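The structure appears below as structure tokens.
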Protein chains: 2
Amino acid sequence: MSKQPKYRQLADVLRREIEEGAYAPPNKRRLPSESELATRFDASRNTVRSGLALLVSEGLITSSQGLGYEVTRHEPFELNASRFENLNFPQHGDSYNTDVTNAGRKPHQTFRVEILPAPKDIAQRLRVEPDSRAVLRFCHRYVDNVPWSTQATYYPAWLADEAPRLAEPGDIEEGTTRYLAARGIEQVGYFDEISTRMPTPDEARLLEIGAGVPVLLWMRTGYSSERPIRCTITTFRGDLNRMNYEIGDQSVRSENGIQ
Amino acid sequence: MSKQPKYRQLADVLRREIEEGAYAPPNKRRLPSESELATRFDASRNTVRSGLALLVSEGLITSSQGLGYEVTRHEPFELNASRFENLNFPQHGDSYNTDVTNAGRKPHQTFRVEILPAPKDIAQRLRVEPDSRAVLRFCHRYVDNVPWSTQATYYPAWLADEAPRLAEPGDIEEGTTRYLAARGIEQVGYFDEISTRMPTPDEARLLEIGAGVPVLLWMRTGYSSERPIRCTITTFRGDLNRMNYEIGDQSVRSENGIQ
DNA sequence: TAGTGGTCTAGACCACCTC
DNA sequence: AGGTGGTCTAGACCACTAC
């Protein structure tokens, strides 16, 4: 066992105390101040800050100016990705809205439409030329006024020509999937890619993410029986979301409900 | 536009340079040294370190003592979760081994078996009493000698009684899924939960994860037609892995291969 | 041996929140 | 006004890597 630097020892002690619930809600979520900790651990304030920064980067605590350090709490919201838009469910926001409302929480979203050249990775998945025209429908979602996720759906130009309402700014009441189905374009399958990373500064701003919280990236490419028809990239706050997939026979699971 | 602190300005400039490929492989992945940057930005070394720490926490660069800062590179490995263990494929490691080998890379894994009380979240999913006996089969996987993921599979005690080889230390040649199927226990469906967070210190050590890299958590609960039979928790290095799901009709996708 | 990053200190001043 | 965290400095010494 090699000797650990002081700021790590300090972080280890505090991490332990946090895990044991010393600063557990609802009583005293606040940690002692930096100067108190400096005294307690016989370290300079900067060293204390290094230790606390470690815990912040692990997602255990957050800090705010003038207030202090608090232990984080999170109750993740679950999204059932395999059910998400099965025939019977409309797609755009509606499933999201009902899910959130059913959980007794308040949904809210902003929405916009753009027409732009398809980014390379999108173009590849939509199987169109890079930089060819695409329609982007972008959605910024909140739950209880907390930023939750962003969702960007790209449609290829040829599809927007066949289904012009895609490129119009307003919401599509019945959901885009239904709208497309009504025009003879049916989504028969999709391919999901899931990854994670730390947020870019832009993402951190949009989702109000602090240090120590990764994003969960979900990229879904939808197919008609002939070709790709859309590509949706959802960016979740990693501390607030979990994705589920049901595959095969699930009858046992639903019988005696594990939530 | 409010004034940004110096260390952020500095990070913004460097982030920009990195994105533009100024330090792109294969030539000069190394960034200038801290003292060079201190001169260039007219800042103290500590301020430079704050800026660099930001980029590290974003997963853009890493540092090593005596060497310097390098931009990270990653080519993620893709795991097809919906295909992973469909009837025809054996389960334990085998699918992993063939996948990795097919990608022209070298797989390696360590393995151990434990018998322990089931952790609360596992017990709930296996629908057994908390702290009742469970068999844990644990696997630590490497690709090209780089730690890749850990995988912990829990089986309930009643199942281990019916299928005693589960609790034996050795590998099960034909794969556990097949072994169980041969004893009349067939997995007919499963439920996947996917989430992300920063690694615990233990995980960071096992997976040799540096700052700024989250883990991708994959929890799969498998069901027979009567009840849950196993729960597998896989912990991936977020920078090296991506998960895929194929749902519905995928015939178009496979025709003209998007990899 | 020279250069790199890693740790640590002591002190200054600023920005924000609460009272 | 007083306490909190946020930024920044200047300097010291250590640990690792390269040559």
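All of these numbers come straight from a predicted model, not from anything done at the bench. Note that these values count all heavy atoms, side chains included, but never hydrogens, waters or copies made by symmetry. By convention in this document, chain letters (A, B, ...) are assigned in the order of the sequence lines, proteins followed by strands, and residues within each chain are numbered from 1.
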Side-chain contact check for A:Ala43: nearest option of C:dC8, C:dT9, D:dC8 is C:dT9

Picking from C:dT7, D:dT7, D:dG6, which would you name as closest to the side chain of B:Arg49? C:dT7

Do B:Thr110 and B:Arg112 have side-chain atoms, one donor and one acceptor, less than 3.5 Å apart? no

Below the 4.0 Å mark, does C:dT9 have OP1 or OP2 next to a side-chain nitrogen or oxygen of A:Ser44? yes

Is there a side-chain contact between A:Thr47 and the phosphate of C:dT9, meaning an N or O under 4.0 Å from OP1 or OP2? yes

Nearest listed nucleotide, side chain of A:Gln65, among C:dT7, D:dC16, C:dA15: C:dA15

Can you figure out which of C:dC8, D:dA18, D:dT7 approaches the side chain of B:Leu67 most closely? D:dA18

Would you tell me if any nitrogen or oxygen in the side chain of A:Ser63 comes within less than 4.0 Å of OP1 or OP2 on D:dG5? no

In whole angstroms, the gap separating P of D:dT7 from CZ of B:Phe41 amounts to 17 Å

Roughly how many Å is it from CD in B:Gln4 to P in D:dG6, rounded to a whole number? 15 Å

If you pin B:Pro32 and A:Val48 to their nearest nucleotides in DNA chain C, which one's is more 5'? B:Pro32

Whole Å only: how far is the CG atom of B:Asn46 from the C1' atom of D:dT9? 8 Å

Rounded distance (Å) that lies between atom C1' of C:dC14 and atom CZ of A:Arg45: 11 Å

In terms of the nearest nucleotide of DNA chain D, which residue is placed more toward the 5' end: A:Glu36 or B:Asp42? A:Glu36

Mind calculating the distance between CD (B:Glu34) and C1' (C:dT7) to the nearest angstrom? 12 Å

Base, sugar-phosphate, or nothing: which does B:Ser64 touch, judged by heavy atoms less than 4.0 Å apart? sugar-phosphate

Could you give the CG-to-C1' distance, from A:Leu10 to C:dT7, as a whole number of Å? 13 Å

Would you kindly give the OH-to-P distance between B:Tyr7 and D:dT7, to the nearest whole Å? 3 Å

Without hydrogens or angle criteria, can the side chains of A:Arg197 and A:Ser195 be said to hold a donor-acceptor pair below 3.5 Å? no

Aromatic ring pairing A:Trp148/A:Phe77, orientation class (parallel under 30°, perpendicular over 60°, tilted between): perpendicular

B:Gln9 side chain to B:Gln4 main-chain N or O, any donor-acceptor pair under 3.5 Å? yes

Can you tell me how far C1' of D:dT4 sits from CD of A:Glu70, to the nearest Å? 13 Å

Working to the nearest 0.5 Å, report the span between NZ of B:Lys6 and CG of B:Asp42. 5.0 Å

Answer yes or no: does a side-chain N or O of B:Tyr69 lie under 4.0 Å from OP1 or OP2 of C:dG6? yes

